[in-house]
Asker: 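Starting off with a structure, shown below.
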Amino acid sequence: MKKNIVVLSGSGISAESGIKTFRDSDGLWEEYHIEDVATWDAWVKNRELVLEFYNHRRMQLAAVQPNAAHYALARLEEKYNVQVVTQNVDDLHERAGSSKILHLHGELVKVRSTLDENLIYNIGYKEIFAGDKCEKGSQLRPHIVWFGEPVPLIAKAAYMVSEADILIVVGTSLQVYPAAGLMHYSPVGCKRYVIDPASLPLDGISNLTIIRKKAGDGVPELVNELLEL
Ligand code: OAD
């Protein structure tokens, strides 16, 4: 039987594709205040700015490509059941060929109704504006989990992690909860890998290999190793 690999990814995996991370020195949260663009209050106060922020990021996404790390993770499916759980709102795992992807924090290429959260639309890389409405007549918003909002898929993600034989954490500062707590759901005996050039808060995590490298180097190396096992 194939072993289960769960990959927890964050913005660092897309950095080498040209997408900014959030908390690095040149990260997005240096340029913007979270409370201006990524909260419900921001949406109520200045919807145009919020829409512009996500329109801009969607347009950037159209111009970038997956990198060696995304492609390597897709190759893992040759030998393993692979579930990607990503905090990223980009679609680079999809475009690299991974088939099972859970987006914890939403997706840039989708928008949803502000009236009915089940009315979700694929818009690709197009912009949306104030006045763009769902079929029930309410304003469309980005399909993004903003700060202060619940993370609807967290229980599903925790269950996936609890089934992992191998857990690969890549490109996340592990500062944003509840996502940062997911590692703790991995079962006893799970083999854990963390790939990140920075030193992360990993006290108390056992059976752990830390790979202090960029994703574009560290992920393909680890994938080659795992495919040879
Ligand atoms: P952060 O910006 O907090 O962390 C990025 C991580 O990527 C850091 O640990 C960096 O060291 C690492 N990194 C940078 N370049 C890398 C590279 N080339 N290869 C591998 N790692 C690299 O981003 P996240 O942890 O993803 O949420 O942030 C979590 C959430 O906070 C995001 O999903 C977003 C944000 O606010 C929402 O927007 C809801």
Side-chain angles (χ1 to χ4, degrees), residues 7-43 49-51 53-58 60-61 64-73 84-93 96 101-112 141-154 157 167-183 193-202 205 208-223:
V7 178
L8 296 180
S9 67
S11 58
I13 196 171
S14 299
E16 289 156 86
S17 292
I19 296 181
K20 283 187 174 183
T21 62
F22 294 93
R23 293 174 187 78
D24 288 309
S25 56
D26 61 344
L28 266 180
W29 297 149
E30 289 286 315
E31 205 177 327
Y32 295 90
H33 295 294
I34 288 176
E35 58 273 20
D36 291 341
V37 293
T39 66
W40 178 259
D41 280 356
W43 175 250
L49 180 67
V50 174
L51 288 170
F53 175 72
Y54 288 102
N55 283 342
H56 185 60
R57 298 189 58 208
R58 213 176 285 114
Q60 272 182 340
L61 180 56
V64 302
Q65 301 299 331
N67 64 51
H70 300 101
Y71 286 116
L73 291 175
V84 176
V85 174
T86 187
Q87 295 167 80
N88 298 344
V89 296
D90 66 51
D91 62 353
L92 298 182
H93 284 298
I101 304 156
L102 179 145
H103 283 273
L104 263 187
H105 292 162
E107 294 175 71
L108 271 177
V109 293
K110 294 180 181 170
V111 294
R112 70 170 186 265
R141 59 166 276 180
H143 185 49
I144 301 285
V145 175
W146 286 325
F147 283 85
E149 293 189 315
V151 180
L153 296 174
I154 193 70
L167 181 70
I168 302 172
V169 178
V170 50
T172 173
S173 62
L174 296 173
Q175 287 193 38
V176 174
Y177 282 81
L182 280 172
M183 262 189 108
Y193 298 89
V194 170
I195 302 170
D196 198 295
S199 167
L200 300 178
L202 293 163
I205 309 265
L208 172 68
T209 304
I210 298 175
I211 302 169
R212 290 277 297 269
K213 290 187 177 176
K214 288 186 170 183
D217 298 324
V219 176
E221 283 169 26
L222 176 60
V223 166

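Everything numeric in this text was worked out from a predicted model, so none of it was measured. The figures here come from the full heavy-atom set of this structure, side chains too, leaving out hydrogens, waters and symmetry mates. We count ligands from 1, going down the list as the structure has it; atoms in each ligand are counted the same way.
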Asker: Taking 4.0 Å as the limit for heavy-atom contacts, which would you say applies to V145 with ligand 1: side chain only, backbone only, both, or neither?
Answerer: backbone
Asker: Can you report which non-hydrogen protein atom sits closest to atom 26 (O) of ligand 1, along with the distance?
Answerer: S11 N, 2.8 Å
Asker: Does P197 have a non-hydrogen atom less than 4.0 Å from ligand 1?
Answerer: yes
Asker: Nearest protein heavy atom to atom 14 (C) of ligand 1, by residue and atom, and its distance?
Answerer: D24 OD2, 3.3 Å
Asker: For I210 and L202, run side-chain contact (heavy atoms from CB on, under 4.5 Å): C-alpha distance rounded to whole Å, both residues' side-chain angles, the deciding distance at 0.1 Å, then the answer.
Answerer: CA-CA 9 Å; I210 298 175; L202 293 163; 3.9 Å; yes
Asker: Consider every N or O of V170 and every N or O of ligand 1, then say whether any pair is closer than 3.5 Å.
Answerer: no
Asker: Please determine whether side-chain contact (heavy atoms from CB on, under 4.5 Å) holds for the pair W146 and I34, giving the CA-CA distance in whole Å, both sets of side-chain angles, and the decisive distance to 0.1 Å.
Answerer: CA-CA 9 Å; W146 286 325; I34 288 176; over 6 Å; no
Asker: Pick whichever of S9, A15, G27, G12 has a heavy atom sitting closest to atom 7 (O) of ligand 1.
Answerer: G12
Asker: So is F147 in contact with ligand 1, going by heavy-atom distances below 4.0 Å?
Answerer: yes
Asker: Ligand 1 versus V176, non-hydrogen atoms closer than 4.0 Å: side chain, backbone, both, neither?
Answerer: side chain
Asker: Just to verify, which of V170, I168, V169, L73 counts as forming a side chain to side chain contact (heavy atoms under 4.5 Å, CB included) with S9?
Answerer: V170
Asker: Among V7, T209, T172, I211, which residue meets the side chain to side chain contact (heavy atoms under 4.5 Å, CB included) test with I195?
Answerer: I211
Asker: Using the side-chain hydrogen bond (donor to acceptor under 3.5 Å, both in side chains) definition, which of the options H103, R112, E107, H105 pairs with H143?
Answerer: R112
Asker: If we only count N/O pairs under 3.5 Å, is A215 in contact with ligand 1?
Answerer: yes
Asker: Among T172, I144, T21, whose heavy atom sits nearest atom 25 (O) of ligand 1?
Answerer: T172
Asker: With atoms numbered from 1 as shown, which atoms in ligand 1 lie under 4.0 angstrom from a non-hydrogen atom of G171?
Answerer: 5 (C), 6 (C), 7 (O), 21 (N)
Asker: Any donor and acceptor pair, going by atom type alone, linking the side chain of T86 with main-chain N or O of N88 inside 3.5 Å?
Answerer: yes
Asker: Below 4.0 Å, non-hydrogen atoms only: which portion of R23 touches ligand 1? Side chain, backbone, both or neither.
Answerer: both
Asker: With a 4.0 Å heavy-atom cut-off (strictly under), which part of W29 contacts ligand 1: side chain, backbone, both or neither?
Answerer: side chain
Asker: Is there a nitrogen or oxygen of E16 sitting under 3.5 Å from a nitrogen or oxygen of ligand 1?
Answerer: yes
Asker: Check ligand 1 against G10 and write out every atom of the ligand that is under 4.0 Å from a heavy-atom position of the residue.
Answerer: 26 (O)
